[in-house]
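Report on the following structure.
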Amino acid sequence: MQPGSVYAIKEGKDATETHTLSVLVDNEPGVLARVIGLFSGRGYNIESLTVSETEHEKHRSRITVVTTGSPQVIEQIKAQLERMVPVHRVMDLTVTGKAIERELLLIKVRGAGELRSEALRLAEAFRARVIDATTESFVFELTGKTDKLDQFILLMQPLGLVEVSRTGVAAITRGPDAT
Amino acid sequence: MARQMTGAEMVVQALIDQGVEHLFGYPGGAVLPIYDELFQQDKVQHILVRQEGGAGHAAEGYARSTGKVGVALVTSGPGATNMVTPLTDALMDSIPMVCITGQVATHLIGSDAFQEADTVGITRPCTKHNWLVKDVNDLGRVLHEAFYVARSGRPGPVVVDIPKDVQFATGTYQGPARVEHKTYHPQVEGDPAKIKAAVELIAGAKKPIFYTGGGVINSGPEAAALLREFVRLTGIPITSTLMGLGAYPASDKQWLGMLGMHGTYEANNAMHDCDVMIAIGARFDDRITGRLDAFSPGSKKIQVDIDPSSVNKNVRVDLGIIGDVAHVLSEMLAVWKAAGHKLDQAALKNWWGEIDRWRTRKSLAYRQTSETIMPQYAIERLYEKTKALEKATGRQTFITTEVGQHQMWAAQHFHFDEPNRWMTSGGLGTMGYGLPAAIGAQTAHRDALVIDIAGDASILMNIQEMSTAIQHELPVKVFILNNQYMGMVRQWQQLLHGNRLSHSYTDALPDFVKLAEAYGAIGMRCEKASELDDAIDAMIAAKGPVLFDCRVANLANCFPMIPSGKAHNEMLLPEDATDEAIANAIDKAGAALV
């Protein structure tokens with residue numbers, strides 16, 4: 001059964017995949033709303049979304065979006081993105097492979113005594129930096145792949161985790177050429 | 001050709017530069033500067049509608065009947081929000097339309113000013129693209145870009161939102177010469193390797209079928225001509241979606257009639273049993289496919305579409321060719337001829353034998369036995385009369401419809417031999433589309449016979465546009481199949497909800513004859529089958545707009561039908577549609593579907 005149709009009596013049972021898409025867009029007003037609206041309007045998932053202007057003179061921005069869906073849905077997402085008027089190109093970094101993905105995490109941990117020193121030890125093991133400290137708290141900065149960040153957050157939970165802020169995934173292909 | 005002018009002047013100049021002759025609109029505070037410019041020129045004719053939605057549907061009818069971009073002009077706030085339905089309708093049916101909306105002055109945006117609405121925000125999901133123009137120096141470029149985007153690739157509606165201060169401001173106007181768009185370049189030429197593979201697949205087919213859609217009409221008259229040549233050359237049967245009617249002549253022997261939920265038995269069975277399906281400009285809509293896991297299970301599928309997102313969306317195809325229909329068909333024909341292909345004639349003969357057997361079921365049959373007019377009979381007589389008229393005088397007929405049973409009966413019983421003569425709201429199913437669309441078509445074709453085949457419920461959704469027809473001397477004919485019900489709603493209530501007819505009976509219909517007269521139009525009524533022909537003749541002969549109240553059998557239902565959740569070969573035929581069959585046609589799972 002195909003999802004997304006009124007005739008889909010059974011829900012799609014196709015295995016879902018996670019894909020990282022890099023979308024090069026004209027940095028015009030509303031372009032992010034257009035992309036997000038496409039995802040919400042058509043019922044696609046957004047796991048992570050990162051957007052920033054990358055080429056100022058050309059007015060271009062790069063939107064990196066991590067999404068999940070069946071292979072057919074992923075194909076639809078790419079086709080739907082590609083036909084939007086301000087979209088230059090859509091690259092599926094999961095298909096092209098060899099892409100590097102990084103995310104930045106800021107995490108606040110509050111505690112004293114043994115818990116506090118354990119948090120610091122783990123931060124060192126993860127190569128997280130202390131960017132703010134009080135006598136009862138730390139703010140750590142950590143860059144890495146999504147699963148590394150997830151793991152660090154998990155470890156901080158029993159040690160007095162207060163709050164988390166993450167940037168979402170930025171991604172780029174390896175090698176000398178532009179994607 | 002950079003010239004200094006005000007934003008309002010730019011709008012009118014851009015319309016002239018784009019060759020726009022007619023514009024449908026309604027004035028209001030935030031577009032007054034543009035209306036002031038319109039007043040001072042005579043190149044662009046403005047058709048004043050009675051509600052902004054009417055302007056949108058009129059622009060759609062105009063676009064659909066001419067192949068040109070339809071243009072609408074409305075004010076901010078409610079003017080823009082009233083356009084949301086026509087914009088969505090045009091997006092679903094791929095109709096090229098440019099809608100210009102006024103907006104409150106830039107410094108007032110976001111302040112909840114009088115008649116302010118976030119027009120670009122509201123219309124973002126229902127347009128192909130939209131723009132809010134904050135600098136008058138961008139206006140000329142944006143307007144020409146808007147026309148380019150609306151008509152290129154898969155056509156669609158666009159909105160240009162212009163704040164009032166930008167309309168007053170003076171700046172540099174950029175003409176249409178610069179056509180190169182920064183990002184939007186749809187692919188029109190198909191991949192030669194895929195075209196070759198498709199032609200070979202067709203050549204080896206034993207039970208092939210063409211399944212064509214609105215994309216053929218949108219691609220232009222050349223696409224229809226190429227389609228006809230290819231279909232006749234190969235001898236392959238052809239069916240079409242609601243939106244594609246007229247691309248292939250309905251009078252031809254290779255024509256199987258429309259397919260889908262209310263399509264013919266032969267078309268749907270041929271789709272189910274074919275071995276090679278050639279889908280051209282058609283998007284495998286749920287009204288076409290029926291139950292997806294049982295849709296044409298044994299066939300190889302070729303799909304030609306200009307929109308990559310239409311390929312593999314609902315149905316997996318074996319060969320998806322991205323490109324413009326006319327371009328791809330022309331290539332396919334060239335390859336076919338160069339290779340000297342010919343189908344296996346014995347197999348083709350067998351295939352036609354099967355189709356002819358399905359045809360003998362006469363799935364569109366109905367019984368006209370008493371003086372009570374059957375709705376199908378009314379359409380058939382209307383068709384015969386207009387055909388005779390065209391034969392005798394060359395006067396062309398354009399048909400628009402509202403949405404419901406009458407629409408399906410029109411699609412089944414009115415036969416189209418030419419493209420662009422049939423305008424209906426297919427994807428969105430917008431009741432109230434037909435009358436304004438007829439006004440749009442009549443504006444473009446002053447001397448043609450333009451008929452809105454309507455239902456008694458639908459027509460009341462935009463009846464105010466009768467006043468537009470009178471003002472602009474547009475002699476549209478509204479042929480109402482009046483059964484006093486929202487017939488299709490009632491039909492579904494009979495199918496799904498134990499015949500509990502919740503609010504589908506219209507208890508207080510107006511007297512349509514008096515209503516017509518109140519508008520200054522001609523009102524007619526016909527209640528007897530024996531009087532129908534003369535009444536239709538009188539309607540056609542009438543010089544002005546007509547509301548024709550055709551009283552038809554109240555409880556007639558629209559068959560054949562593929563009930564929700566069923567496959568193409570599980571159709572409900574008229575002779576099988578007993579009360580019991582209707583009550584049990586749809587199972588629980590199907591009931592949840594639309």
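Just so we're on the same page: letters track the sequence lines, and every chain starts at 1.
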Are more than 12 heavy atoms, taken from residues, nucleotides or ligands other than [X], located less than 6.0 Å from that residue's [atom1] atom?
X	atom1	value
B:H185	NE2	yes
A:I172	CD1	no
A:R110	CZ	no

I need the [X] [atom1] to [Y] [atom2] distance, nearest 0.5 Å.
X	Y	atom1	atom2	answer
B:R124	A:L38	CZ	CG	12.5 Å
B:H129	A:E28	NE2	CD	4.0 Å
A:Q80	B:D307	CD	CG	7.0 Å
A:M84	B:Y184	CE	OH	12.0 Å
A:K58	B:K182	NZ	NZ	12.0 Å

Proximal component of A:E82, with respect to chain B [non-hydrogen, under 4.5 Å]: neither
A:V87, part contacting chain B, at a heavy-atom distance under 4.5 Å: backbone
Any side-chain heavy-atom pair of B:N130 and A:R34 under 4.5 Å: yes
Residue among A:A33, A:P29, A:G37 with most heavy-atom pairs under 4.5 Å to chain B: A:A33
Atom of B:N312, atom of A:Q72 and distance for their closest heavy-atom approach: O-NE2, 3.0 Å
Minimum-distance pair of heavy atoms, taken over all atoms of A:A79 and B:S309: CB-CA, 3.5 Å
Chi angles and distances behind the side chain to side chain contact (heavy atoms under 4.5 Å, CB included) call for B:R154, A:R83: CA-CA 10 Å; B:R154 180 177 177 177; A:R83 73 175 185 151; 3.6 Å; yes
Part of B:V311 within contact of chain A (heavy atom distance under 4.5 Å): backbone
